[in-house]
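Everything on this sheet refers to the single structure shown next.
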2 protein chains.
Amino acid sequence: MQPANAYAAQCPTRLVLDRVADKWTVLVLGLLAEGPLRFNELRRRVEGVSQKMLSQTLKGLERDGLVTRRAYATVPVTVEYRATPLGHTLSATLDPLRIWAETYIAEVQAAQRRYDAVA
Amino acid sequence: MQPANAYAAQCPTRLVLDRVADKWTVLVLGLLAEGPLRFNELRRRVEGVSQKMLSQTLKGLERDGLVTRRAYATVPVTVEYRATPLGHTLSATLDPLRIWAETYIAEVQAAQRRYDAVA
DNA sequence: CAGCATCCGAGTTGATACTG
DNA sequence: CAGTATCAACTCGGATGCTG
């Protein structure tokens, strides 16, 4: 295998990138990596997500083997989501990104202001 | 500052996440981190990107202070893009993600096949 | 070469309403 | 509680044609 040819059209990396490349995946996975959560708990914690998007995101994560869904036969139903081991490894590699964001966000915003001031 | 409350609606992290959360940003930035490139060179190297999207992506990266654009008064014009120091730090924190993708893509795809087989 | 402007179809998203 | 269904709004992205 070539060393990191993520630029070719069908490189698998693209698939993962596309997966991560949505507003909610990273947030949801990060939360689940801390511990199992129920649907509406997630909904509350990830501010701004609609239940449609959350539902969709969770389904995608489940399909990719990053999260598991378990339903308990209580009344009403209880559904619990948790990160798989694979999901944990991904969440862990995403941590540096979260940290980068916190570290440099001010710089980015300053750059934006500078740019917008000119334009 | 709170420790990583990326789940609040206006957390700066969201901004960065949204920035990364597009098909091309990560690819383009990764390429530019290796060295300066011209517009059409980028276009060729990032397979599948249209010039509209590339243009848009570059503008966004420039606005965020991650990439600089320099035009030379040759005929025809030569434009060179390169990653800023800030851009390099982001690209570096993205590397683990690229590696994760290469490492686990097979597992993810297997999970997808399993999931799709049931549904 | 390095783009911008325009048009247009396809896919995404969000509200809202309803179900087991 | 944990979703699904549906519809309308919106955005995205590609194709095409043009400019300095």
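Residue numbers start from 1 in every chain, and the chains themselves are labelled A, B, ... in the order their sequence lines are given, proteins ahead of strands.
B/D18 has its CG atom 14 Å from the C1' atom of C/dT12, to the nearest Å. In this structure, B/Q51 atom CD and C/dC1 atom C1' are separated by 12 Å, rounded to whole Å. In this entry the distance linking CZ of A/R70 with P of D/dA2 reads 15 Å, nearest Å. Between A/M53 atom CE and D/dT4 atom P there is a gap of 12 Å when expressed in whole angstrom units. Atom CD of B/Q56 is separated from atom P of D/dG13 by 7 Å (rounded to the nearest Å). The NZ atom of B/K52 sits 14 Å away from the P atom of C/dG9 (whole-angstrom rounding). Following rounding to the nearest Å, A/L54 (CG) and C/dA15 (C1') show an atom-to-atom distance of 16 Å. The distance from atom CG of A/L42 to atom P of D/dC1 is 13 Å, rounded to the nearest whole Å.
Taking the charged nitrogens against the carboxylate oxygens, B/D116 and B/R113 have no contact shorter than 4.0 Å, which rules out a salt bridge.
Side-chain N/O atoms of A/Y81 include one lying less than 4.0 angstrom from OP1 or OP2 on D/dG3. When the side-chain nitrogen and oxygen atoms of A/R69 are compared with OP1 and OP2 of D/dG3, one or more of them lie within a distance under 4.0 Å. Contact between the side-chain N/O atoms of B/R38 and the OP1/OP2 oxygens of C/dC1 is not found at any separation under 4.0 Å. Taking only side-chain nitrogens and oxygens, B/K59 comes nearer than 4.0 Å to OP1 or OP2 of C/dC4. For the OP1/OP2 pair of C/dG3 and a distance below 4.0 Å, the side-chain nitrogens and oxygens of B/S55 include no atom meeting the criterion.
Sequence order on DNA chain C of the closest nucleotides to A/W24 and A/V77 puts A/W24 first from the 5' end. For B/P76 and A/P76, each mapped to the nucleotide of DNA chain C holding its nearest heavy atom, the one lying further toward the 5' end belongs to B/P76.
For the residue pair B/S91/B/R98, the side-chain donor-acceptor check at 3.5 Å is satisfied.
Surrounding CZ of A/R43 are more than 12 heavy atoms belonging to other residues, nucleotides or ligands, all under 6.0 Å away.
Nucleic acid contact for A/V79: sugar-phosphate only, since backbone atoms but no base atoms lie under 4.0 Å from a heavy atom of the residue.
Rounded to the nearest 0.5 Å, atoms CG (B/L66) and CZ (B/R19) are 7.0 Å apart.
Tested against A/L37 for a side chain to side chain contact (heavy atoms under 4.5 Å, CB included), the candidates A/L31, A/V79, A/V46 yield a single pass: A/L31.
The side chain of B/S50 sits closest to D/dG14 out of D/dG14, C/dC1, D/dA2.
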